[in-house]
Every structure is written in structure tokens, then in C-alpha cells.
Amino acid sequence: MKVIITAIAFLMPIFSSSALSASTSNATSDSGLVIKNNDPRIHFNGRWDESPGTWWASSGLKLHVQNLKSLSLNLGPHTTVPLASVGVSLNYGEITTVNVSQGVNGIFRESAALQVGTSEGDLSVVRLNVEGWQDNRINLESISLNSDATLLSYVPSKLAFQFIGDSLSAGQFLPEGVDQAWTFLTGEHFKAEHNINAQPGAALSDIVSFGNEHGVSFQFFRTEDTGYFDTTDHNFTTPWNFSRDQPPATHVVIHIGANDAAQNVTDAAFVQVYSNFLVRLRTIYTHQPIFVFTPWGWPNADGTISQYYQGQYQIIVDQRHSIGDDQVFLVNTTGWVTFEDVFPANQHPTVAGHQKITRLFTQWLQKWGLDPELEWATPA
Ligand SMILES: *[C@@H]1O[C@H](CO)[C@@H](O)[C@H](O)[C@H]1NC(C)=O
Ligand SMILES: *[C@@H]1O[C@H](CO)[C@@H](O)[C@H](O)[C@H]1NC(C)=O
Ligand SMILES: *[C@@H]1O[C@H](CO)[C@@H](O)[C@H](O)[C@H]1NC(C)=O
Ligand SMILES: *[C@@H]1O[C@H](CO)[C@@H](O)[C@H](O)[C@H]1NC(C)=O
Ligand SMILES: *[C@@H]1O[C@H](CO)[C@@H](O)[C@H](O)[C@H]1NC(C)=O
Ligand SMILES: *[C@@H]1O[C@H](CO)[C@@H](O)[C@H](O)[C@H]1NC(C)=O
């Protein structure tokens, strides 16, 4: 699908809470306790380069803090100019967007509304991640906490999803980006860790597509998303070390093909590239269940749905079964998304559309046999 980056009037961001705010002045931040960016108590997720800096929507970090009153991110020169939008959640509550830039960014101002540090010794969990599929680089130099805070270790959930896809999984066109996408919301529903490697406009085939220099069958194995190609301070791509995905994914979900179809990749070529991709994924995810989505298609105003690669996903899954891999499952999403669920201008799911997809997929997974965790592994 086309990468359309112009702002759309009806997509004005809506912020449900004013409890969080970023400040690039240092005045409100207490830089008493400085946590270095290599502190093992920081739980990183997603793809971070050596700087260390984020790539791919959803990359971020999690902190478990006792007696939290203030928190600043001190960001370096590889941070997106003028800003990167970060989704922040305190104690597993709703996500609020905070825009951050190079320099000192106070995330929590001491405030009654915020409920941090209300009583001495309280435990807090802070989760934050970049929301955008582009303009998504935060270069972490250090984190400052109030001087009487104690940084503890974050214990990850024993469930961990790895999502792989394109714009339909990256939350393109949503006000809060990936944080409102079905991928992210599915992870939240199961109280699971989740990494989302989804690149708008990219095909699975390693071809140039809508501004992406590479396809996902190449880029998934790299640290950087395809935005590296348009970047002056990091115009290269490096292999991703999958041992850094901690915990390793327990479930892999793939929804891809729209851009291969748009680039006229034939059925046979698509089945071949997908099959090769699964072979390579199995070198990393040796036994984990892999869920292969059929497309829900492009819903049209007249009620029809434009489909692509019909029947081909079944062939891909059948091929895995025929070589003895019974842990690959077809998720038939036919009928999940109608014209009411998409933005008419670009046929991508709206916020409500993503919530509907989340409901249908979580029901599907629960029927398949996966139950949500009852509690997050790190208490707050
Ligand atoms: C913020 O910190 C920088 C570097 O430590 C310093 O140069 C600047 O004066 C500070 N600004 C404020 C508003 O305190
Ligand atoms: C973040 O920045 C974007 C882009 O400039 C802007 O549209 C949005 O309103 C900002 N959000 C907040 C919470 O400041
Ligand atoms: C990045 O490098 C490629 C060659 O590898 C070049 O074609 C491209 O123009 C460069 N991009 C920028 C922004 O310099
Ligand atoms: C990959 O990451 C693991 C875990 O952080 C580390 O032990 C290992 O040395 C890394 N391997 C390479 C080749 O960098
Ligand atoms: C794909 O095929 C259609 C129909 O033949 C054609 O209009 C379109 O230009 C082709 N697109 C590409 C990217 O080759
Ligand atoms: C997917 O579901 C649709 C609608 O229920 C059905 O027509 C189609 O045959 C199913 N496809 C597969 C591969 O099971």
C-alpha cells in the first residue's frame, strides 16, 4: 500500500490524559540518580543500535522503580529532529504520547494527577516505546530519576509475541501509531512482551517498494528499519543479534503480502519468498507456533473487498505441514475488516478498526489455546 505521510484532517491526535508531559527545560527534572544506558536493570525491547538508539515502531524500554517521583530521558544526537513521539504507560495504565528531543526530557512532572510517589516506597512500572514507523529514533544517553528512587529489575512476562508485517501492523495513520495497532493491543491483552517489526510500504520480497529499499524478508534480520536509507547520520544497516530478544518470542505472528501484490509479485513467487522466509525464521524460532494471517483485504465503499493472493497462504501453511512442521497455523481473517472499519482515504483500519481486529484475533488465540496472563510479571 502506498506510503502516504501527509497529515489527514480527521486524524488529529486525541489525548485522553494530561497527566504526562515532556519538558526540554531541566528546571523540573531532579537529576539526582543517573542511570547509565548500559545499566542491566533497564529492560530494553525491540531493536536498538549501538548508539544506543531505536529503530522500528514499538522499540522501547521498561523500568521498575521504587519511590519514583520524576524521570527524565537524556537523549543524544541520533534522536529524530525535531522530535520523536513516545508512548508512555505508568503502572500498566493507559498510554499517553510524550514528544521527546535531543537533550533532557522530563517525562513525569511531580503532580497530584500523576500518582507517582504519592506514598513513600511505592513500586512503579514505567513502559515507554517509540510510536512511529518513521521519526522513531531515540538515542538514550542516560535516565535521571529523583535521588531517593531505587531502580529495581523488571521481570518480563513469560509470553512474548513477535509480530512481522507492513503498514497494516505498524499502525500507520493512527494518532498514536503502533500503540493503537492490533499488534500492540494483542500483546497488551495477553499481558505479554511484544516486539513489532512492521514496515509500511514494504513487500516481503526483497524489492524496492514505496520508498523502502528492502523487503521485510531482508530487513527483519537487521537492526534498522528501512528508514536507515534516508538517514544521514546512520546510512547503513547491521545484522540484528537475535540473542538480544529477551525473553525470546514464544509466539510469532505474520501479516504480510499487500505490497508484494501492489508490486505485481506473482502468486508463485510470493509463495516461494514466504516459504523461504519461514525456513529462515525456523533457524531462530525453532519450535514456536507461527501464525500466518490471510489478508483481510482492501474494503471498498461499495461493500466489496479487494483481495490478493487468495488461497496462497493456505498453500504456504500446507507446505510446512507436509514437511512435518505442524506448528504453523493459518489465521483466516476474511471478513474481519469492512469499509466501516477503515479510513476511506487509504483503506487502513481506524482506531476502532484496530480494536475490532484485536478482539477477533484475541478470541481466535484463546480458542486456539492461549490464555492471557492473569497478572503482569512485575508488580506495580
Ligand atoms: C540544562 O542543562 C544544560 C546542560 O547540563 C545546561 O547547560 C542548561 O543551562 C540547563 N538548562 C536549564 C534551564 O537549567
Ligand atoms: C507531538 O508532536 C506531533 C508532531 O509535531 C504533534 O502533532 C502532537 O500534537 C504532539 N503531541 C504532544 C502530546 O505534544
Ligand atoms: C544512503 O546510501 C545509499 C547508498 O548506499 C545512497 O543511495 C543514499 O542516497 C544514501 N542516503 C542518504 C540520505 O545519504
Ligand atoms: C549477541 O547477544 C548476546 C546477548 O546479548 C551476546 O552474549 C553475544 O555476544 C552477542 N553476539 C554477537 C556476535 O555480538
Ligand atoms: C502492476 O500491474 C498493473 C496491471 O497490469 C499495472 O497497471 C501496474 O502498473 C503494475 N505495477 C507495477 C508496480 O508494476
Ligand atoms: C476463510 O473464511 C472465508 C469466510 O468464512 C471462507 O470463505 C474461506 O474459504 C476461508 N478460507 C480458508 C483458506 O479457510
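Every number for a ligand or one of its atoms is a count from 1 in the order of the listing. Worth knowing before you read on, the calculation uses all heavy atoms, side chains too, and leaves out hydrogens, waters and symmetry mates.
Heavy atoms of L83 found under 4.0 angstrom from ligand 2 belong exclusively to the side chain.
Both I107 and F44 are part of a single hydrophobic cluster, where members link through side-chain heavy atoms under 4.5 Å apart. Taken together through direct or relayed side-chain contacts under 4.5 Å among Ile, Leu, Val, Met, Phe, Trp and Tyr, F161 and Y285 form part of one hydrophobic cluster.
Protein heavy atoms all stay at least 4.0 Å away from atom 7 (O) of ligand 5. Distance check on atom 11 (N) of ligand 3: some protein heavy atom falls below the 4.0 Å cut-off.
Taking every non-hydrogen atom of T97 and a distance limit under 4.0 Å, the qualifying atoms of ligand 2 come out as 13 (C). The Q263 neighbourhood of ligand 5 comprises atoms 13 (C), with distances under 4.0 Å to a heavy atom of that residue. Taking every heavy atom of D230 and a limit of under 4.0 angstrom, the matching atoms of ligand 3 come to 13 (C).
In terms of protein heavy-atom proximity, atom 14 (O) of ligand 5 is nearest to N264 ND2, 3.2 Å. Annotation: atom 1 (C) of ligand 3 to nearest protein heavy atom, N235 ND2, 1.7 Å. Closest protein heavy atom to atom 4 (C) of ligand 3: F229 CE1, 4.3 Å.
A salt bridge between D225 and R47 is absent, with no side-chain N of the basic residue lying under 4.0 Å from a carboxylate O of the acidic one. Using a cutoff of 4.0 Å between basic side-chain nitrogens and carboxylate oxygens, E193 and K158 are not scored as salt-bridged. Between E188 and R127, at least one side-chain nitrogen of the basic residue sits less than 4.0 Å from a carboxylate oxygen of the acidic one, meeting the salt-bridge criterion.
When all heavy atoms are compared, the tightest approach of N91 to A380 is OD1-CB, 3.4 Å.
For the side chain to side chain contact (heavy atoms under 4.5 Å, CB included) with I143, the qualifying choice from I42, N74, N37, D39 is I42, the only one to do so.
Here's the thing with N99: one of its N/O atoms is less than 3.5 angstrom from an N/O atom of ligand 2.
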